[in-house]
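First the structure, in the form of structure tokens, and then the observations on it.
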Amino acid sequence: MNGYQGNSGKGQGQLAQRFPEVDPSELTRLIIQALSDLGYQRSSDELRDESGLELDSPAINGFIECVRSGDFTNAELKIADLHLINDSDETKRHIVFLIKRQKFLELLYLENSTQEALILLRQEVHELTDTANIRALTSLLMNKDSPELQRSNGWMGDAMLSRDSLLNDISKFIDPNDMIPKQRLFQLLQQSIKYQQSKTLYQFGDEGDRISLYEDVKSNKKNFPDTVHYTLTMHEDEVWYVTFSHDGRYFASASADNHVLLYDAINGFSLLHDLSGHDKQVMHCSFSPDDSMLLTCSFESKAHLWNVQTGELVRTLSLGGDSRIWCSDWFPDGGSFVLGSPDKEIAIFDASSGEVVHRWEGPVVNDLKISRDYKLIAVTYDMNVEVWDLRTKHKVKTLELGQRLTSVSVSDKNPAQILINVSPNELQLWDWSRHILLAKYVGHKQEKFVLRSCFGYDERVILSGSEDGRIFMWNKEYGALLGVFDAHTGNSNCVCWNPRIKSMFASSGDDTIVKIWGPSRTSDSG
Amino acid sequence: MGLYYQQQLKRTKGNSVYMCENCHAHIFQSCQIVSDSFTGITGQGLLVSRAVNLDEGSIEKRRLRTGTYLVKDVRCVQCHEYLGWKYISSSEEAEKYKEQMLVMEASQLHLSI
């Protein structure tokens, strides 16, 4: 298919033997392109001369020349000479549309002639495309200065940028042998790095660590948190829940000894407050978004709201009657919070007054979380994931998973991604909005108990406790096991990641102990 | 022992749920009550045909008012409070109907309506 055979360089035969997948003239053309991308135009031209190879086919060069110089009439004529991947009338019509759209944009922005642009739209563009594209261009006519509309319609601020962007759009329809996609060599190298990273799962280096093209990406366990930095032993019974505050300053642990302990996570995890007031086991706690309040849920069917600064009990909440309260979370704006009950109730409370502002009867709630885009995500005893929109209070999704779902976490980066502990012995990562199971994580043991898991290390890893007392860490994307740590005797009930310190997490166990984990370096830990 | 993944019983009109007094784990539905005139160790006992969220102890021989039985003590699976016993077998033909049933201590239970 390569019709512009050039002069073979010396030694190409040997190279072709060693790298049969790499076509020497393809590579040479990529180098010509890369040299030009790098700004070495003279060397690029020199190599073009020496090899006799062209970056793009003559037909394409003519076409590009027309588009670059704004000769759209001739550009349209030259479409017939292009080798298209899909040589259908529809594709050609779409390319004509893209060119005419550029003409329309230039009339609108360079010649300031709304009238002519409108005529072009009515007489020529109209018949080439669907109503959605026409509507988009019409709204641009009315909102000429909207940057979003400009971008979505292909106007990049000036003629040359827009023409290049047009060429880039059109290049997707053209045989790549005729027109090499933009910055192709760089794309290939980036893919190669990504691939190496996926094969070398331990990417626990510092943010600024250099990746060199001279060598393969190596595994880096510099910040791999496999070492206990602090052991907190002040609870007298099993510890069922641990969490860091959003700003990473505080750390809370909730225990079957009825106490919640609040620690200074910045200064060596010294105890700040012993929050005592619950009469029964405490199973859940959550910091308000501004970290001024801590909400705790206990077996006595009450939730307590504490002042984090002073350690004082601000308010006691209940759902009325005997309704148990097993989980809670805050609205992202901190103005309200939600309590969830296995007695088929979910209630929204106003955070300042403590009054119930909305309540609905629902399924038996095992656990719930609120995403940063105001979705309430609950896992239920009916083995479903239920999602409500907190603005409309309407249910927007039900996923029937058909297995026991003990706890749920929601991603901060992509609020549609949820991580669920599925009993027996599985974690599942779902995109609830697209109804897709993204990954499963296995190896840990969870048969009888409620265990909790979390995202960690910039959401690149998944962490969970296990009924054998160990902690399991997986690569989130590939599901590969990265580490198994002996942590507790009895269950490792709960794990949580420090939202501010990338390589720190905490675990809690039946052995009444809380452990804070970090990298194995001792000199500059913490 | 951890936070147990508890079974949840359906509460309907006319069918209430008895929970562990201490931790509110569901134990049985009122429709499972066979008799409310039994005597437990702590006072009134309820004979029930089926219950959930229980840990069973080891089998022991016990002499009760109506004869000798093999029984297992049962505790709440979550908080391990003593809740009553389960009949495994009876030496008396007339008492065989109790086998696999449980006597639950009313004082250890909380009725949720």
Side-chain angles (χ1 to χ4, degrees), chain A residues 237-241 254-256 258 279-284 298-302 321-326 341-344 363-367 379-382 403-407 421-424 446-452 465-467 469 488-494 508-511, chain B residues 1-33 42 44 46 48 50-58 72-84 86 104-113:
Chain A
D237 206 333
E238 298 173 359
V239 187
W240 288 346
Y241 204 94
S255 163
N258 308 354
D279 294 330
K280 299 212 186 278
Q281 298 91 324
V282 193
M283 60 185 296
H284 195 279
S298 149
F299 270 177
E300 77 230 27
S301 300
K302 287 192 176 73
D322 291 320
S323 285
R324 295 163 290 172
I325 302 172
W326 277 7
S341 168
D343 295 308
K344 300 194 166 188
V364 173
V365 175
N366 286 340
D367 194 17
V379 291
T380 74
Y381 189 70
D382 303 327
Q403 285 169 288
R404 291 188 305 196
L405 314 174
T406 75
S407 58
N421 277 68
V422 179
S423 179
Q446 181 182 11
E447 286 164 357
K448 292 182 177 169
F449 296 94
V450 176
L451 302 181
R452 303 185 196 267
S466 173
E467 285 174 16
H488 300 280
T489 46
N491 293 342
S492 291
N493 292 308
C494 186
S508 71
D510 282 354
D511 53 7
Chain B
M1 278 298 290
L3 182 56
Y4 205 80
Y5 187 85
Q6 300 171 11
Q7 290 191 53
Q8 307 292 338
L9 297 173
K10 275 221 171 70
R11 196 164 29 177
T12 53
K13 211 173 182 188
N15 193 12
S16 39
V17 170
Y18 283 80
M19 310 188 294
C20 168
E21 167 73 18
N22 182 47
C23 75
H24 291 188
H26 286 180
I27 306 296
F28 58 90
Q29 292 164 304
S30 58
C31 64
Q32 304 288 348
I33 299 176
T42 63
Q44 189 199 358
L46 303 170
V48 302
R50 191 175 168 274
V52 299
N53 294 327
L54 294 175
D55 249 352
E56 296 181 1
S58 48
K72 286 173 172 179
D73 278 346
V74 293
R75 292 172 176 275
C76 170
V77 75
Q78 181 60 67
C79 69
H80 319 296
E81 283 291 311
Y82 165 76
L83 295 181
K86 183 177 188 175
M104 307 299 299
E105 306 275 351
S107 68
Q108 302 286 77
L109 299 166
H110 178 85
L111 179 60
S112 160
I113 312 145

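Below, chains carry the letters A, B, ... as their sequence lines are ordered, and counting in each starts from 1. Only this structure's heavy atoms are used, side chains among them; waters, hydrogens and symmetry mates stay out.
Taking chain B as the reference chain and counting heavy-atom pairs below 4.5 Å, the highest number among A/N366, A/L451, A/V364 is found for A/N366. Between chain B and the residues A/R404, A/Q281, A/E467, A/M283, the most heavy-atom pairs under 4.5 angstrom are made by A/R404.
The nearest pair of heavy atoms linking B/M1 to A/N491 is O-ND2, 3.6 Å. Counting all heavy atoms, side chain and backbone alike, A/D322 lies closest to B/L111 at OD2-O, 3.9 Å. In terms of heavy-atom proximity, A/E238 sits nearest to B/G2 at OE1-N, 2.7 Å. Annotation for A/Y381 and B/Q7: closest pair OH-CA, 3.2 Å, computed over non-hydrogen atoms.
Interatomic distance, B/K10 NZ to A/K344 NZ, rounded to the nearest 0.5 Å: 6.0 Å. The distance from the CD atom of A/E300 to the CG atom of B/N22 is 11.0 Å, given to the nearest 0.5 Å.
The contact between B/Q78 and chain A is made entirely by side chain atoms (from C-beta outward), counting heavy-atom distances below 4.5 Å. Interface residue B/H110: only side-chain heavy atoms are found under 4.5 Å from chain A.
Every residue two or more places apart in sequence or in another chain that forms a side-chain contact (heavy atoms from CB on, under 4.5 Å) with A/D237 is listed here: A/S255, A/A256, A/D257. Annotation: salt bridge (charged side-chain N to carboxylate O under 4.0 Å, His left out) contacts of A/D343 (sequence neighbours excluded): A/R324, B/R11.
Residue A/P342 is tested with B/Q8, B/H26, B/Q6 for a side chain to side chain contact (heavy atoms under 4.5 Å, CB included); the sole match is B/Q8.
More than 12 heavy atoms of other shown residues, nucleotides or ligands fall within 6.0 angstrom of atom NZ in A/K280.
At least one side-chain heavy atom of B/L3 sits less than 4.5 Å from a side-chain heavy atom of A/R452.
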Test log, rule ring-ring contact (aromatic ring centres under 6.0 Å, His included), inputs B/Y5 and A/F449: CA-CA 5 Å; B/Y5 187 85; A/F449 296 94; over 10 Å; no
